[in-house]
Amino acid sequence: MSNENKKFVISPENPNGILVDMTSEEITQKETDTANATAEANAETQKATDQASGNQKLLDLGLTQAEATALTGYTPPSED
């Protein structure tokens, strides 16, 4: 394995230095990016869950699917 893409980092915790693939800032940025992507995926999942739940509540009130769709714009996925 080549060391050309590695960085030599010296810190108070490691005064002798260490070869690393990423700096702590790059690791923190990657963790932040991952957390943001996870939060975004969770928000999309929650939105889809809320849409399906709201649609079902309208159907439970006696509306047809066509009426619920006309009100909300939500069309449930087809069950093939």
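Because the structure is predicted, anything quoted here is derived from the model rather than measured.
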Quiz: residues 53-66 side-chain donor-acceptor pairs under 3.5 angstrom, not counting sequence neighbours:
{"from": "Asn55", "atom 1": "OD1", "to": "Gln65", "atom 2": "NE2", "distance (Å)": "2.9"}
{"from": "Asn55", "atom 1": "ND2", "to": "Gln65", "atom 2": "OE1", "distance (Å)": "3.0"}
{"from": "Gln56", "atom 1": "NE2", "to": "Asp60", "atom 2": "OD1", "distance (Å)": "2.8"}
{"from": "Thr64", "atom 1": "OG1", "to": "Glu67", "atom 2": "N", "distance (Å)": "3.1"}
{"from": "Thr64", "atom 1": "OG1", "to": "Glu67", "atom 2": "OE1", "distance (Å)": "3.4"}
{"from": "Gln65", "atom 1": "NE2", "to": "Thr69", "atom 2": "OG1", "distance (Å)": "2.9"}

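For the side-chain hydrogen bond (donor to acceptor under 3.5 Å, both in side chains) condition, the pairs that include at least one residue of residues 28-40, sequence neighbours left out, are Gln29-Asp33.
Between the side chains of Gln46 and Asp50, at least one donor N or O sits under 3.5 Å from an acceptor N or O.
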